[in-house]
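Contents: one structure, followed by commentary.
FYI, the numbering just counts along the sequence from 1. Computed over heavy atoms, backbone and side chain alike; hydrogens, waters and symmetry mates excluded.
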Amino acid sequence: MKSVLTNKERKNDPEKTVQQKEQTLQWVEIITARMGAQVFEFPDQERFFADIRASVDVLKPKSVIIMIYRNCLVENDWSIHLRWRTGCQTPGKTELGIKLANIVRSMALVDHTVWCGVQ
């Protein structure tokens with residue numbers, strides 16, 4: 001017979017903790033862009049990605065955090081990371097990720113991948 005747990009005991013129940021982790025998926029959608037040297041100079045590239053970030057921040061769902069990185073050694077390499085935290089959506093390329101990849105694809109070589117978190 002299963003015992004009845006108090007609220008305090010339920011919070012410390014390892015089985016419940018595992019179930020909660022399974023319900024909240026964490027994954028990263030990465031859009032890596034190698035800008036063409038002839039497209040535009042570095043300061044303009046920086047402005048371009050800042051504009052992308054500002055546009056996404058206005059419309060993004062609460063379940064995503066966007067981070068934009070620039071390669072420290074190659075100034076025309078950029079990476080957009082969409083860190084997702086969802087309860088039911090299967091990890092995969094999202095509408096937001098596909099739109100961002102298409103915007104950047106007109107000016108760069110693009111690699112669009114999805115990475116799942118390991119518990």
List for me each residue that meets side chain to side chain contact (heavy atoms under 4.5 Å, CB included) alongside Ile98, sequence neighbours excluded, and say none if there are none. Lys93, Asn102, His112
Measure the spacing between CG of Leu82 and OG of Ser63 and express it to the nearest 0.5 Å. 10.5 Å
Under the salt bridge (Lys or Arg N to Asp or Glu O under 4.0 Å) rule, what pairs show up with a residue in residues 95-117, not counting sequence neighbours? Glu95-Lys99
Any side-chain heavy atom of Trp78 within less than 4.5 Å of one from Val110? no
I want to check something: taking the side chain as every heavy atom from C-beta on, are Ile66 and Ile80 in contact at a cut-off of under 4.5 Å? yes
Distance (rounded to the nearest 0.5 Å) between Asn71 CG and Thr32 OG1: 10.0 Å
Side chains of Phe48 and Arg53 in contact at under 4.5 Å (non-hydrogen atoms): no
Interatomic distance, SG@Cys116 vs CD@Gln26, rounded to 0.5 Å, equals 11.0 Å
What residues, two or more places apart in sequence or in another chain, satisfy side chain to side chain donor-acceptor pair (under 3.5 Å) together with Asp51? none
Donor-acceptor check, side chain of Asn76 to backbone of Arg34, threshold 3.5 angstrom: yes or no? no
Of all heavy-atom pairs linking Gly97 and Ile31, the shortest is O-CD1, 3.4 Å
Any Val114 side-chain heavy atom under 4.5 Å of Val28 side chain: no
Exercise: identify the closest heavy-atom pair between Phe49 and Ala33: CZ-CB, 4.4 Å
When you measure from the side chain of Glu29 to the backbone of Thr94, do you find a donor-acceptor pair of N or O atoms at a distance under 3.5 Å? yes
Under a single-linkage definition using a 4.5 Å side-chain heavy-atom cutoff for Ile, Leu, Val, Met, Phe, Trp and Tyr, are Ile103 and Met35 assigned to the same hydrophobic cluster? yes
Does the side chain of Val104 come within less than 4.5 Å of Ile52's, by heavy atoms? yes
Of all residues at least two apart in sequence or in a different chain, which pass the side chain to side chain donor-acceptor pair (under 3.5 Å) check with Arg83? none
Sequence neighbours left out, what passes salt bridge (Lys or Arg N to Asp or Glu O under 4.0 Å) with Arg85? Give chain and number order. none
Applying side chain to side chain donor-acceptor pair (under 3.5 Å) to Thr113 and not counting sequence neighbours gives Trp115
Would Ile30 end up clustered with Leu109 when hydrophobic side chains under 4.5 Å apart are linked, directly or stepwise? no
Trace of the side chain to side chain contact (heavy atoms under 4.5 Å, CB included) decision for Tyr69 with His81: CA-CA 8 Å; Tyr69 299 93; His81 293 215; 3.7 Å; yes
